[in-house]
Amino acid sequence: MKPPALANWRGYVRVRIRGQYAEQLLNKLSAKQMLIWDVAREEDNQVSFFMMLPDFFRLRPLLKETGCRVHVEARFGLPFSVKQVRKRTFFISGLFLFLLGMYMLSSLIWTIDVKGNERISTDDVLAAAREEGIYPFQWTFRMKKLDTLSKELNARLPSTSWIGVTRQGTKVVIHVVESTVAENRTLRNPSHLIARTDAVVTEIIAKAGRAVVRPNTRVKKGSVLISGIVGSAQAQQAVPAKGVVRGLVWHEYEISSPLISKQKVLTGEFTERHYVQLGERRLQVSGFGDIPYAQYEVTTDVAATSWGRVSLPFGWITEKIAEVQLVAEERSEQAAMQEGLKQARFDIVAKNGPDARVKTEKILHQKSENGKVKLKVLFEVEQSIAVEQPIIH
Amino acid sequence: MSRFTRKLRQWTAHLFDLPQDMLSNVPRFTMIGNRQLFVENHRGVVHFSSEHMRLSLVTGELEVFGRNLVIRGIWTEEVFIEGSIIEVKVHGMEDT
């Protein structure tokens, strides 16, 4: 018969009974509801059977009653293996030491990550964290609570508006949200505002300093517009002058504009070439032969394949070769002149800032030669004329 | 068990067509081929060896002869015998 359920946990033994009245012993055992199995008569008139370990300890009085002797032949189950294991102290202590070491090492902090900082250096955050008790090889159970940590770190680092501390196992992540700080004003030394070019002042607004000139005054290049020296003659003070000064400035332009303009025009004829792309290489599939056009433009369209976000190293390339004709357009002297003036106006704005306004334009000289219109134009432009000049004592 | 109760039990068993061992302390033997013998309602082992075995019953005795007889399990009421059984004899139950 098989051993009963959980016999391996409780332990069981195989015993050999020596004595005259072994049958009586069997009867008494079964009467006391002790479980025995596989009873066999051995050659030398002894009886062997299996029994549970707890029952074995209750066997002694029955043996006395029946005058039998017992000999344990074999032991099975956990209680005996535990006993076996106890002999191997070093092995078992190694096992426990390993578990202990594993636990200890996993309850240390190994890495600290700082995320989200731009102005504050990571070292500063780490130094503050160290003072709060977050540093490598710190015990996790010695750390304060994460929410108090984040509050105290936030107090320690004044330029942060929020700090979050999270711990995942042996890793601590410090999320930093920096507070937005107003931009620092650049400190300026005491200075005048002087004229950049010769001009006629149209508008002068002094925000700091003293306006020296009035509107409709003619100024030379380098003359002071807004003085940085304020106060009475007894108590003078130098300040950085600030303000807006606009004036009329004359710009002379020499423009040459061709009477024939050449333009590329697509005729509508096109052929296509297809390629299969494999990594850096491409293999032509269609559209072989010479290009039948004298002048052409090529546009390339790459259809790359991708799997989700990962782009795969093969694709399909379509080259469109479109025929182009150069069309020479003849325009009138007037149109060429207008085109030239337009270019010049763009140039003025590009050079003198977006607030430059062309007030008047005078064509001083105009002639057409060699298929070009040559112009000499005087632009009267209202623009900012102030430039800073430091006051040197 | 008095004579009256035994008669009453026998009568009810007869009336409801129940097996005898359900009501009276009659042993039940279950034998599977000549390999296994299951005895219920025994009253202890009298003799046990690998060739010969005697079991006490309520009245009389059961005698088993065979080779390599082994008690696979023994409980207060039941015995489970295994081995190649040659002969089974019942003594002392003739008049019940």
Salt bridge present between B:E77 and B:R28 (N-O < 4.0 angstrom): no

Note, A:H71 side chain near A:Q46 side chain (heavy atom, < 4.5 Å): no

Winner by heavy-atom pair count (cut-off under 4.5 Å) against chain A, out of B:V46, B:I74, B:I71: B:I71

Aromatic ring pairing B:F38/B:W75, orientation class (parallel under 30°, perpendicular over 60°, tilted between): tilted

Chain A contact via B:V79 - which portion, at a heavy-atom distance below 4.5 Å: neither

Approximate separation, where rounding is to 0.5 Å, of A:R18 CZ and A:R16 CZ: 10.0 Å

Short side-chain donor-acceptor distance under 3.5 Å, A:N117 and A:T122: yes

Within-4.5 Å side-chain heavy-atom neighbours: A:I109 and A:Y135: no

Toward chain A: residues of residues 49-58 of chain B with heavy atoms under 4.5 Å: B:S49, B:S50

Side-chain heavy atoms of A:E132 within contact of A:V165, under 4.5 Å: no

